[in-house]
Amino acid sequence: MKELVIISGKGGTGKTSIAASFAHLAGNLVTADCDVDAANLHLVMSPVVRRATGFSGGKTAVLDQGMCSGCGKCLELCRYDAVSEEDGIYKIDKTACEGCGVCAYFCPVKAIDMVDDENGEWYVSDTAYGPMVHARLNAGGENSGKLVTLVRGQARRIAKDGDFKVILVDGSPGIGCPVIASITGADAILAVTEPSMSGLHDLKRVVGLAGHFGIRVLVAVNKFDINPDMTDKVLEFVKNEQLEMAGRVHYDIDVTLAQVEGKSVVEFSDGRAASDIRELWRNTAESLELEV
Amino acid sequence: MKIAIASGKGGTGKTTVAVNLAAIAQLNGKRSVYVDCDVEEPNGHIFLKPEIDSQQTVTNPVPVIDDEKCDSCGECGKICHFNAIAVILDSVLVFPELCHGCGGCFHACPKGAITESPREVGKIEAGRSYQVEASGKEGIGFIHGILNLNEAMAVPVIRAVRKMIPESEWVVIDAPPGTSCSMVATVRDADYVLLVTEPTPFGLHDLELAYRTVRDLDITAGVVVNRAGTGDSGVGEFCAREGIEILAEIPESREIAEIYSRGSVIINEDEGFASIMAELMKKVEKRIMAEQR
């Protein structure tokens, strides 16, 4: 079983469009959408939800005004500016609360409870290409890293039980907790970038992160024809860092049109981008020896 | 005035709007400040090319155990909600990368065996940008946070950046993508939030999430549609249904994409785009004044 994670550093470089196309081309695999706070893969994979489960990743402090003695200990101890006081009335702002429980622990009259957050839901679904695990984080939800770990763990379990050879993970932008949770222990990363100063800057950060975890990195340049000079700079970086170049994809309006139709690019179109993505998939599958 | 630029979906043009909104304000004689809170992947500096004049590290206070005083009572492990400290057999294990720096163990230890030591998680740089011609002015104020590589938690860096924001008549804050804790920590005390989206199903889906997040925070939001003319009509219909104002539409343009890819400030090179930004600035200003009245 091999696990490939698609990430990018910078958002909007085409991770999800490529992931959906890969699923279509692979035909039989487990997919996992680990971009839990802006999940989009389900919009182009037509999943049929088989099971939905609530997710609670952390806790929030709730103050019982009736029990509060107004001593101010919570305000003194909170390091997240979540406690405020006005005319002797104390309040906890749940959007600032970190869930550390320090206020509840030290409240002399036990007026503060730590209540489980409802952070979102995660789903196991069927698609035309095999099972899919995805999730929805509630607005402003904490603990996206925990939810990512849960989604990936489920995907692995399903792959193992069903003897699937490939897990394809759609990751999130950035380099923080959800990304770290998406890539640790994976077999390889496909970093999708675009030929811009920002794209290259963010690619470098992601490659640095992958290096720290000792994960193999393949690179794809999306919309490479927007700025050929910048594409050359990306290629130079890939060469200098001794990374593997997996392919490049033309800018093509069909990528947007496929999304509007709720389909993957290769399913919707025979255009330039679709043919580039087919080649990208062939290179990736061959290089990683994916059994599909 | 503090205006946060957020989006839900990544790559919709947050940084483009944030940088150019800061720039157009400067050009119109305002004292403008650009603040980059997308600390995982800060990009504003690529366009504004600031001269950095101050730098500071962001640290998280993590526990250090004095083995002489510790009697392995386990109270520290009990208070910690993040599994960052645990007593196993007779020794205390600390996992600094899991520590949120709440100080719980430090306060709870009955033996006074815990002290706190700063652990670097990121840095902040501040300076001024002179990319925009604005006669008689001192350049655009610039602040950004950078999360160290291999660090998971962006929020402490974002909080530290926010504390450095000066009082100014025009502050533009570039938020991270998504709708989770990092985005909330960035926008929560903004006077107004601009949600930048694109007219596609992905853009719409993430706009809905971002809008709900901002509405829950009780902040007024308006929408900027980038790459208008591509995709479908879903974003427009959603905004009409929810009564959200679309303050600007930036047309799909190869020229804008190319200027962006080179890392240049777009208002300097594209008049059409500059007038859209000028119009956007005036509208945002009016909405905030109306709110404050």
Side-chain angles (χ1 to χ4, degrees), chain A residues 8-13 16 35-40 43-44 58-59 77 79-80 95-96 98-102 105-106 114 137 139-145 172-181 194-199 201-202 205 208-209 212-213 226-227 230 253 256-257 259-260 262, chain B residues 7-13 15 38-41 43 46-47 61 79-82 100-104 107-108 147 149-155 159 176-185 188 198 200-202 205-206 209-210 212-213 215-217 230-232 254 257-258 260-263:
Chain A
S8 67
K10 180 171 157 35
T13 60
T16 301
D35 188 2
V36 294
D37 61 320
N40 288 150
L43 298 173
V44 283
K59 290 177 188 288
L77 290 174
R79 290 185 176 176
Y80 307 104
T95 65
E98 186 88 356
C100 69
V102 170
Y105 183 94
F106 287 100
M114 296 307 292
L137 193 69
E142 302 258 343
N143 289 296
S144 55
S172 60
I175 58 159
C177 59
V179 177
I180 292 174
E194 61 178 34
S196 65
M197 296 281 283
S198 311
H201 174 271
D202 296 352
R205 303 251 295 164
L209 184 69
H212 176 80
F213 289 104
I226 292 270
N227 185 337
M230 276 308 305
I253 192 68
T256 305
L257 298 178
Q259 205 190 100
V260 170
Chain B
S7 73
K9 176 168 159 42
T12 57
T15 299
D38 186 1
V39 304
E40 293 182 44
E41 297 288 15
N43 287 154
I46 293 171
F47 305 91
I79 190 171
C80 183
H81 279 243
F82 308 112
H100 288 223
C102 70
H107 290 296
L147 180 69
L149 232 50
N150 314 325
E151 287 295 334
M153 280 179 281
V155 173
R159 267 194 218 114
T179 58
S180 68
C181 42
S182 304
M183 185 267 212
V184 171
R188 54 193 304 262
E198 52 186 38
T200 61
F202 291 179
H205 178 267
D206 299 347
L209 295 171
R212 248 181 271 150
T213 305
R215 192 190 55 197
D216 288 354
L217 291 168
T230 57
D232 58 12
R254 177 127 190 161
E258 279 171 18
Y260 170 86
S261 73
R262 287 199 302 273

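Naming: A, B, ... by sequence-line order, numbering from 1 per chain. What you see is a predicted model; the values in this text were computed from it and never measured. Heavy atoms only: backbone and side chains are in, while hydrogens, waters and symmetry mates are out.
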By side chain to side chain contact (heavy atoms under 4.5 Å, CB included), which residues pair with C80(B), not counting sequence neighbours?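 C80(B) satisfies side chain to side chain contact (heavy atoms under 4.5 Å, CB included) with F82(B), A84(B), I85(B) once adjacent residues are dropped.
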
I need the [X] [atom1] to [Y] [atom2] distance, nearest 0.5 Å.
X       : Y       : atom1 : atom2 : answer
L43(A)  : T200(B) : CG    : OG1   : 9.0 Å
H100(B) : Y80(A)  : NE2   : OH    : 7.0 Å
L137(A) : T179(B) : CG    : OG1   : 6.0 Å
K9(B)   : N40(A)  : NZ    : CG    : 6.0 Å
E151(B) : H212(A) : CD    : NE2   : 9.0 Å
D37(A)  : L209(B) : CG    : CG    : 8.5 Å

What part of [X] lies closer than 4.5 angstrom to a heavy atom of chain B: side chain, backbone, both or neither?
X       : answer
T256(A) : side chain
A96(A)  : both
S144(A) : side chain
P173(A) : both
I175(A) : both

Heavy-atom pairs under 4.5 Å with chain B: which of [options] has the most?
options                          : value
V44(A), T16(A), T95(A)           : T95(A)
K59(A), E194(A), R79(A)          : R79(A)
M230(A), M114(A), E98(A)         : E98(A)
L77(A), T13(A), L257(A), I253(A) : L77(A)

Where does [X] contact chain A at under 4.5 Å (heavy atoms): side chain, backbone, both or neither?
X       : value
S180(B) : both
R254(B) : side chain
D216(B) : side chain
I79(B)  : both
A108(B) : both

Write down the atom of [X], the atom of [Y], and the distance for their closest heavy-atom approach.
X       : Y       : value
G104(B) : V102(A) : CA-CG2, 3.4 Å
K10(A)  : E41(B)  : N-OE2, 4.3 Å
N227(A) : S261(B) : ND2-OG, 2.7 Å
I226(A) : E258(B) : O-CG, 3.6 Å

Residue selection (most heavy-atom pairs with chain A, distance under 4.5 Å) from L147(B), V155(B), V184(B):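 The answer is L147(B).
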
Say whether, by atom type as modelled, one donor and one acceptor occur between the side chain of Q259(A) and the main chain of F202(B) under 3.5 angstrom.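 Checking the backbone N and O of F202(B) against the side chain of Q259(A), a donor-acceptor pair under 3.5 Å is found.
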
